[in-house]
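Throughout, protein chains are lettered first and strands after them, A, B, ... in sequence-line order, and every chain is numbered starting at 1. Keep in mind that this is a model prediction, so the values were computed, not measured.
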Amino acid sequence: MSHYDPLKIEEKWQKRWEEEQPFAAKDNDNRPKMFLAEMFPYPSGAGLHVGHVRNFSIVDCLARFYAQNEVNVLRPFGYDTFGLPAENYAIKTGIAPQEVTKTNIDNFRKQAWRLGYAIDWSREINTSDPEYYKWTQWCFLQLFKKGLAYQAESYQWWCPVDKTVLANEQVENGCCWRCGHEVEKKKMKQWFFKITAYADELLEEIDSLDWPEKIKTMQKNWIGRSEGAEIVFEIDGHKEKLTVFTTRPDTLFGATFMVLAPESEIIKKIVSKDAKEAVEAYCKAAIKKSEIERQENKEKTGVFTGAYAINPANGAKIPIWVADYVLSGYGTGAIMAVPAHDDRDHEFAEKFDLPIIKVIEKPLGSTDDSECYHGEGEIVNSEQFNGQDSADVREAMVAWLEERGIGHKKVTYRMRDWLISRQRYWGCPIPIAYDKNGKAHAIPEDQLPVMLPKIDDYKPDESGRSALAKSEEFMKVTIDGEEMTRETDTLDGYACSSWYLWRYTDPHNKKAAWDKKKVNYWAPTDIYCGGDHAVAHLLYVRFWCKFFADEGYLDFREPIKKLLYNGYINAPDGKKMSKSKGNVIDPLDVINQGYGADTLRTYELFIGPYNMDAAWSTEAIGGVYRFLNRCWTLCFDKKHATKDVNIVIRNKTIKKVTDDIRRANFNTAVAALMEYVNELYKTGACDEDLAILAKLLKPFAPHLASEMLESLKSDDVWPQYEAKYLKADTVEVVVQVNGKLRARLAVPVEDVEDNAKLEELAKADEKVKTFTDGKQIIKTIVVAKSHLVNIVVK
RNA sequence: GGGCGAGUGGCGGAAUUGGUAUACGCGGCAGACUUAAAAUCUGCUUCCUUUACCGGAUUAUGGGUUCGAGUCCCAUCUCGCCCACCA
């Protein structure tokens, strides 16, 4: 007598899949296509994680399901390999990131094989492969040529000792996290992608996407479109003018002071002699303050510049202040303060004793009892606008300003342009060189890729540039006979992942990033699955898609039709798995201890709704193993029945599993298969029962299902249910009295549609009678579709 | 502070359009097999009352709409996530 031996079965089928390559997608095919992908992983040294397994298993279940439904499926795989961990490891050990990455990829690939994924391995990609990043550089150049990749000065955290830029999180109490020296905010020239050029389209098309609402809302908030006006203020005794952005031009008469961000250039020009020292000290301190500090202490601070602006509405002289609650990166970095109707301005005015003028009357009966009213209402204290509604004045005021040439409508976005230069070695080199005058030139396309040179020391040095600057050979380049110096910054890793979905459609193309015909056949990606990057990556791909559509390289403007956002798998204690806590579950351990890949995959899909976080349970996985073991036993260790008695439940199961997979309700699909197997254990399974079971099981447990199908001599074509077999001979009809369940009637299927008959049967039932006798029946509701009768009595 | 989402047995969860609440699994209990244990198989398992039947209660709390509410509406409480001085 043999037994279910998952490791043996899995080895057999994995070997066969390697030989036969049954998952290769066909570029020319008349069948409907389906392009599915997970967010490609960063191949860390730790190897595959149970979170990867959940993510990949969702995609695999769908890929196999559609393949069994005779759809031409593209299910590729790749690695997002540039990034800090490999570089830090290189700095520590001297081992080249290229080598570490290769080792890690080999390990990841081997582990993914052990899970039996239906991947088209001929399309594997790796973002740090020169064959790949050549085309990342090509993408950059397209953006550069259109002015959408540009350089600009912006404030960065800078450590004068380490001579390097620091991330906000690397600044602790105003000091460098490494050396402890005070950091400065330094203006540095950096590369940006002009994502804001697509802000409106990125916002408008969100609603049309089949994406989780949560992600859509996050993207909308991130883009943060605000409609309002820009208004120009004269400065008393100066030529300079001050432009502010406001969403409430209707409150202009209530503007009693102005506030500038500490970074504003104009401060130097307008500050009075008396105020100069205090203003300079304030600005220096404010600019030094970290974001973290700003969050901790939100009490308003600021200083008066000694200068006055003229309120264009009423000619009033109003003081100009500097305060760090005004952000330099948003709007114009300057505001008109309306303390009567804005909380922040109100708090500031109270603290510094500035005038507060009410210009909107709270409507009678308003329940808003805050000191400072933000709603709509009748305009007051505003001369010719008095008596009108604030919403109308918002328009009228802008028209009035426009007539005088001192204001206009304006839309502002919270989203900033995407800073993409990094002073790091292990990234895609930016294909730019500088001439003697410092002007940036594109590296000609025939000189791509700009290869990342092999170097010995990966540590950033005194120059403040990436380690690339140390390679003299790298630095020198000749363009059109002119000697130039290369850019030493590399691209943010998100640039590499902004186009990889299209590379999958044509991964070995040496002449182009992708072939137009192939990309337009396969893409947009039909189903994309991941559990991270709600805003950044998923916004950047959308941005590049729109750009390349505008350039004629793509025939679609949205890259991802349906997004499945899967939840995390946490440790059994509900906490995040982490090495330091020692609560990490290694998927390979789970397989090797005897459960096998089929159990692991099925368990991770059964653990709960795919989009919710779940805690690993070492007991519950045993239940899934038992289920697969029962499947195996039915097929290989029990006598098959000769009579077919399970037609109804079989057809119901086909319908349920099919519908559930289409809805991504993987957990209930598995539950339906368990019910089916429980029933087969009671009644006995015939060959037809088993073949259907194996076919439905294959997307979850492909090795076991293949083994079953082989022994049953069956193909794996997805079964169709027959509607006529979904109903048994008799149907259970429930009878309620006043909404309470009182009886269950077995009604012949032909009588179920007959309302009068159902009512008659219900009223004649003995048990029902005990609740209706002696009472007046007011009405009877018969819902044939729900198999339900409700008798209302008094 | 703002936005979004969620609260169902001992636990993970199911209930697809307002129509039989608690599917499926874990855990627990009992039984079969076994010298014994594991494995496997069978049955029971929301709570209260009851040997059992019957009955009653129950989807965070309180109210509402409806013949009928886990599902819709209002209020309250709790938890989670995201954003956070965005003018």
Q: Please determine if a side-chain N or O atom of A/Tyr681 lies less than 4.0 Å away from the OP1 or OP2 oxygen of B/C41.
A: yes

(Q) I need the full list of salt bridge (charged side-chain N to carboxylate O under 4.0 Å, His left out) pairs touching residues 618-636 of chain A, with sequence neighbours left out, sorted by first then second residue. (A) none

Q. Among all residues two or more places apart in sequence or in another chain, which pass the ring pair (Phe, Tyr, Trp, His ring centres under 6.0 Å) test with A/Trp211?
A. none

Q. When you check the side-chain N and O atoms of A/Asp689 and A/His640, is any donor under 3.5 Å from an acceptor?
A. no

Q.
Below 4.0 angstrom, which residues in residues 667-677 of chain A have at least one non-hydrogen atom near RNA chain B?
A. A/Asn667, A/Thr668, A/Ala671, A/Met674, A/Glu675

Q | Interatomic distance where CG belongs to A/Leu788 and C1' belongs to B/U17 [whole Å] | A | 15 Å

(Q) Using a heavy-atom cut-off of 4.0 Å across all strands, would you classify A/Val792 as base, sugar-phosphate, or nothing? (A) sugar-phosphate

Q.
Less than 4.0 angstrom between a side-chain N/O of A/Asn678 and OP1 or OP2 of B/G25, yes or no?
A. yes

(Q) In whole Å, I'd like the distance from the CD atom of A/Glu227 to the C1' atom of B/A87. (A) 15 Å

Q) Hey, does A/Phe771 reach any base, or is it just sugar-phosphate, or nothing, if we go heavy atoms under 4.0 Å? A) sugar-phosphate

Q: Convert the base pairs of RNA chain B into dot-bracket notation, remembering that pairs crossing earlier ones are written with [ ] and that bases paired across to another strand are shown as |; include only Watson-Crick or G-U pairs under 3.5 Å.
A: (((((((..(((......[....)))((((((.......))))))(((......)))..(((((..]....))))))))))))....

(Q) Please enumerate all residues that pass side-chain hydrogen bond (donor to acceptor under 3.5 Å, both in side chains) together with A/Lys194, with sequence neighbours excluded. (A) none

At a cut-off of 3.5 Å, list every protein nitrogen or oxygen paired with a nitrogen or oxygen from nucleotides 4-9 of chain B, distance to 0.1 Å.
none

Q. Within the structure shown, what part of the strands sits under 4.0 Å from A/Lys785 by heavy-atom distance: base, sugar-phosphate, or nothing?
A. base

Q: Using only side-chain N and O atoms of A/Lys794, determine if any of them is under 4.0 Å from OP1 or OP2 of B/C67.
A: no

(Q) Nearest whole Å is fine: how far is B/A84 P from A/Asn221 CG? (A) 10 Å

Q: Among residues two or more places apart or on two chains, list those pairs meeting salt bridge (charged side-chain N to carboxylate O under 4.0 Å, His left out) that have a residue in residues 736-746 of chain A.
A: A/Glu732-A/Arg744

**Q.** A/Thr301 and A/Tyr282 side chains, donor-acceptor separation under 3.5 Å
**A.** yes

Q: Would you mind classifying the nucleic acid contact of A/Arg626 as base, sugar-phosphate or nothing, using non-hydrogen atoms under 4.0 angstrom?
A: sugar-phosphate

Q. Rounded to the nearest Å, what distance is computed from the CD1 atom of residue A/Ile335 to the P atom of nucleotide B/A87?
A. 11 Å

Q: Identify, with sequence neighbours excluded, every residue that meets ring pair (Phe, Tyr, Trp, His ring centres under 6.0 Å) alongside A/Tyr721.
A: none

Q.
Applying a 4.0 Å non-hydrogen cut-off, can you work out what A/Glu732 is touching in the nucleic acid: base, sugar-phosphate, or nothing?
A. base

Q.
Distance check needed: B/U58 C1' versus A/Lys740 NZ, whole Å only.
A. 11 Å

Q. OP1, OP2 of B/C83 versus side-chain N and O of A/Arg414: anything below 4.0 Å?
A. no

Q: Could you say whether A/Lys656 or A/Asp345 is positioned toward the 5' end of RNA chain B, judged by the nucleotide with the nearest heavy atom to each?
A: A/Lys656

Q) Under 4.0 Å between a side-chain N/O of A/Arg630 and OP1 or OP2 of B/U42, yes or no? A) yes

Q.
Going by the rule ring pair (Phe, Tyr, Trp, His ring centres under 6.0 Å), which residues pair with A/Tyr540 if we only count those two or more places apart in sequence or in a different chain?
A. A/Trp418, A/Tyr494

Q: Decide whether A/Ser57 and A/Glu604 meet the rule of one side-chain donor and one side-chain acceptor closer than 3.5 Å.
A: no

Q) So what does A/Ile607 hit on the nucleic acid, given a heavy-atom distance under 4.0 Å: a base, only sugar-phosphate, or nothing? A) sugar-phosphate

Q. So, is A/Ser226 near the phosphate of B/A87, with a side-chain N or O under 4.0 Å from OP1 or OP2?
A. yes

Q: For A/Asp660 and for A/Arg416, find the nucleotide of RNA chain B with the closest heavy atom, then tell me which residue's nucleotide is more 5'.
A: A/Asp660

**Q.** B/G68 phosphate, OP1 or OP2, under 4.0 Å from A/Arg742 side-chain N/O
**A.** no

Q) Is the backbone of A/Leu209 close enough, under 3.5 Å, to the side chain of A/Lys216 for a donor and an acceptor to pair up by distance? A) yes

Q) Pairs in or reaching into residues 657-671 of chain A: which pass side chain to side chain donor-acceptor pair (under 3.5 Å), with residues at least two apart or in two chains? A) A/Lys655-A/Asp659, A/Lys656-A/Asp660, A/Thr658-A/Trp718, A/Asp660-A/Arg663, A/Asp660-A/Thr668

Q: Not counting sequence neighbours, which residues clear side chain to side chain contact (heavy atoms under 4.5 Å, CB included) with A/Ala614? List them please.
A: A/Arg54, A/Ile607

Q: With sequence neighbours left out, write down each residue that passes ring pair (Phe, Tyr, Trp, His ring centres under 6.0 Å) with A/Phe352, or none if nothing qualifies.
A: A/Trp321, A/Phe348

Q: Nearest whole angstrom, please: distance from the P of B/C83 to the CH2 of A/Trp222.
A: 7 Å

